Amino acid sequence: MDKSKLRTFRSKILSHIALPLILIMTAVYGINAWFNYLSAERKLYDSLAQESNHSAYRLQLLLEHAQANTQGVADFIGFISNKEGINDSEKIKRVLTNRIERNPDFYGSAVAFKPYTFPDKKLFSPYVYRDGNNFHYLDIGAEGYDYTDGSWDWWSKAINQPGGYWSKAYFDEGAGNTLMVTYSVPFGPENDYFGVATVDLALDKLPEQLGVQPSQLVVLDDQGRLIFHSDKEKVLAVTSAEWLDRNTRRNSDFWTLLDKGLNGQARFIDDKSTVYLASVASVAKLKWRVIVMVPEHQLFATLLDDVASVVLNLSLLTLLLLLTCYIAAKRLTRPLEALESGILAFGQGKAQQLAIPKGAVSEIVTLSSTFNQMAELLAEREQAILDSRGNRFARLIDGMSDKSFYCSLDPSGQLAQVSEGVTKVLGMSPELLKRKYQRLFTANPLNEKNWEYTDLALKGENVPSHQVELLDASGHPRMLDLFMQPLVSDTGELMSVEMLFTDVTEQFSAATWSNAVLEAAPEAMLIVDQMGSIVFTNTRCQILFGYDANSMLGLQVESLLPEAMRSNHARDRLQFLREGRDRPMGNARHVRALKADGGEFVAEIALSILPADHEGRRQVAASIRDMTQKLAVEQKIRDSELRFRGLVTNIPGAVYRTRIGDVWVMEYVSDNIADITGFAASQFIENR
């Protein structure tokens, strides 16, 4: 990282103005967000406190209303002296139904009489309860429900309580089948009560009656049992001690409220490890505790919303502040930066004029004007040096060879200079070449590679020597070797691309002619380099070995031999190159050769060492004949000769001659010729 960029005038403005302001805004917004969180927490606690107190108050009113209404019903029944009227089920049903209908918070109501109050009935207890918008009636005494057996405290503990009795919460089976609490008050003469009037309150209706969400409401009775909870499995089955861990530190404040019967707010963690913010209020009538609670993550959600809003606002303000500071700093520092850039370029040998901005201070104007004068002088001097150097190089090339000429490309890719040698090579003037340069390239595909290399050279990259094809003044194509070299300054800036063209048309034609001669040769021909790689094959060679032209090029010559012969052949090939002697066809060796399909044949191979190239590398040309058919014919001749010799061996004085042109040659003389002529067989042949 260039640390100097951190110390510019513009960066100083940004770091000394924008960054401190951003940090101050971040701190202010952070503190504000924290106070907003505390305020939201306080507001939430206040809301919970208001809601819990309101719920406890409404529940207290509900209990008092139920109690007063029931006492009124009991008094009404007690004043009736005609028990026969009370014994009328339809009248009682209407009274109870009207009562439930007029009091929507009541779940059910009953009138229960002592056993045998009516001679024709052991137990009589008419009961009406609601089911949605409907009302159901039944005589619970007639259903076999003995409410006088001591199991039901709404009867047993209320029948002798003039002030009435509130039962514990219980689940009513057989009638309403719901969790409820019952208030009972006796009726009839004092100390001789003959029954009780009741009212039932359904506990699962408490959220609706108190105006609280079920998930936010918990009600505890005076024994600490949960008589309402959104999880119905906990109701009557779990106490507050089982619901909340007393040993957890975060529950200590909440337990203090419960143990001391206080109203207040605190956090707690339930048995599912969920953290709640809660407010507790008391219902004095039954010493119940109403808890209104919300999960703590709701408060965090509010905080996250606030944080997101703060982050968005802060980001927008930061962006606007940075943009404003950047624009202001840019306008203030532009003249200084232009002057700095010009001075640096001047030090690197580049001359460029500075534009003096309007409104610049006088010191900047003076410095910029002086710099422009120096840059102009430097540009003129640099151009003179380049022209002088290019001219000297062009004269050097033209004097060295009639086959070469020099060109120079400027950084834009246009020909800046051409030597006079182009007239000898292409038959045109340098000015004509400058005008027609790109149009002189033929459609030969190798010219496409030249344009790629030119683009790379204009980017300052080195490229390899390559060939191009240009049209001369007569419109004939000429093949030229092109050496291209980018000239880069010490600062890495491209100054020019130097190019040297050398006419190789004759050499190229000679190479083409040589390839045509080798292609027309009657033998299979291949050429390998000194590393053993195949660099040329003619069609006969490709057919002989079963390869196509592309597949054969680049193969190691040992791949044309059976595997067992390859290591020895590589050694022999190196020895042959060291000796440097040809092996003509008369001295050709017979070796086994391997085709592409795995088949083998006997080949006769003659070798010739080609002249070394300009880098001193040697190549070997091989002429290959398939000797399979010739060897088969020779074998047949030998077999025939053996058979003939076997036939004439026992013929006395046999002489066999053959004629080659006009000359007779003695080919065979029998062994018993000495008995006839007195000469041995060898002497007879010599003296024939």
Side-chain angles (χ1 to χ4, degrees), residues 345-352 375 377-442 444-473 477-508 613-615:
F346 187 85
Q348 296 167 358
K350 294 180 287 186
Q352 58 183 12
L377 293 174
L378 179 62
E380 294 175 356
R381 182 179 179 185
E382 183 177 323
Q383 186 62 44
I385 293 173
L386 288 174
D387 292 343
S388 175
R389 182 189 60 197
N391 291 332
R392 289 198 302 271
F393 188 66
R395 288 195 296 271
L396 176 63
I397 296 300
D398 292 345
M400 290 177 60
S401 172
D402 292 340
K403 300 291 185 181
S404 300
F405 65 93
Y406 158 81
C407 293
S408 176
L409 289 176
D410 62 22
S412 65
Q414 300 298 318
L415 276 179
Q417 193 169 7
V418 181
S419 72
E420 296 294 336
V422 70
T423 305
K424 298 178 182 178
V425 178
L426 297 180
M428 63 181 66
S429 67
E431 293 301 322
L432 182 59
L433 179 65
K434 288 182 180 181
R435 293 197 304 269
K436 300 179 64 176
Y437 177 66
Q438 295 190 354
R439 289 175 290 167
L440 293 177
F441 285 87
T442 67
N444 193 322
L446 62 84
N447 286 333
E448 295 298 327
K449 197 67 177 177
N450 173 66
W451 298 123
E452 296 179 14
Y453 287 150
T454 302
D455 290 339
L456 293 175
L458 289 171
K459 295 177 181 177
E461 300 182 23
N462 294 324
V463 298
S465 300
H466 54 283
Q467 289 185 334
V468 296
E469 189 175 73
L470 296 176
L471 297 175
D472 61 14
R478 306 290 293 179
M479 190 66 62
L480 299 106
D481 277 340
L482 174 55
F483 173 78
M484 184 180 290
Q485 178 65 42
L487 185 61
V488 181
S489 67
D490 294 339
T491 61
E493 184 179 2
L494 179 71
M495 300 175 64
S496 64
V497 176
E498 309 295 314
M499 299 188 296
L500 177 62
F501 291 87
T502 303
D503 189 1
V504 294
T505 304
E506 294 179 2
Q507 297 93 314
F508 186 79
D613 62 12
H614 66 283
E615 294 183 358

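Position 1 is the first residue of the sequence, and the numbers go up from there. From a predicted model like this one, the values you see are computed outputs, not experimental measurements.
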Tightest non-hydrogen contact, residues T442 and E469, listed as OG1-OE1, 2.7 Å

Would you check if S404 and L500 make a side-chain contact, meaning some heavy-atom pair closer than 4.5 Å? yes

Does a side-chain heavy-atom distance below 4.5 Å link L433 with F405? yes

The reported gap from CD in E498 to CG in L487 (rounded to nearest 0.5 angstrom) is 5.5 Å

For S429 and T423, which heavy atoms make the closest approach, and how far apart are they? CA-OG1, 4.0 Å

Rounded at 0.5 Å granularity, tell me how far CE in M499 sits from OG in S408. 7.5 Å

Would you compute the distance between atom CG of L470 and atom CG of N447 and round it to the nearest 0.5 angstrom? 7.0 Å

Carefully, step by step, assess Q467 and V504 under the rule side chain to side chain contact (heavy atoms under 4.5 Å, CB included). CA-CA 9 Å; Q467 289 185 334; V504 294; 3.9 Å; yes

Measuring from L494:CG to E461:CD, what's the distance to the nearest 0.5 Å? 11.0 Å

Would D503 and T505 satisfy side-chain hydrogen bond (donor to acceptor under 3.5 Å, both in side chains), going step by step from the backbone distance to the final call? CA-CA 6 Å; D503 189 1; T505 304; 2.6 Å; yes

Please round to the nearest 0.5 Å and tell me the distance separating atom CG of L426 and atom CZ of F501. 8.5 Å

So which heavy atom on V422 is nearest to which on M428, and how close? CG1-O, 3.4 Å

Heavy-atom distance under 4.5 Å between the side chains of L456 and M484, does that happen here? no

Just by distance, with hydrogens left out, do S412 and D410 show a side-chain donor and acceptor under 3.5 Å apart? yes

Which heavy atom of M479 sits nearest a heavy atom of V468, and at what distance? SD-O, 3.4 Å

List in chain and number order the residues that pass salt bridge (charged side-chain N to carboxylate O under 4.0 Å, His left out) with E431, two or more places apart in sequence or in another chain; answer none if no residue qualifies. K434

For Y437, what residues pass the ring pair (Phe, Tyr, Trp, His ring centres under 6.0 Å) criterion, not counting sequence neighbours? F441

Atom pair NZ (K449) and OG1 (T454), whose distance is rounded to the nearest 0.5 Å: 11.5 Å

Between Q485 and N462 the two heavy atoms that sit nearest each other are NE2-OD1, 2.9 Å

Between P486 and A457, what is the shortest heavy-atom contact and its length? CB-O, 3.4 Å

Between L415 and L409, does the side chain to side chain contact (heavy atoms under 4.5 Å, CB included) criterion hold? Intermediate values first, please. CA-CA 5 Å; L415 276 179; L409 289 176; 3.7 Å; yes

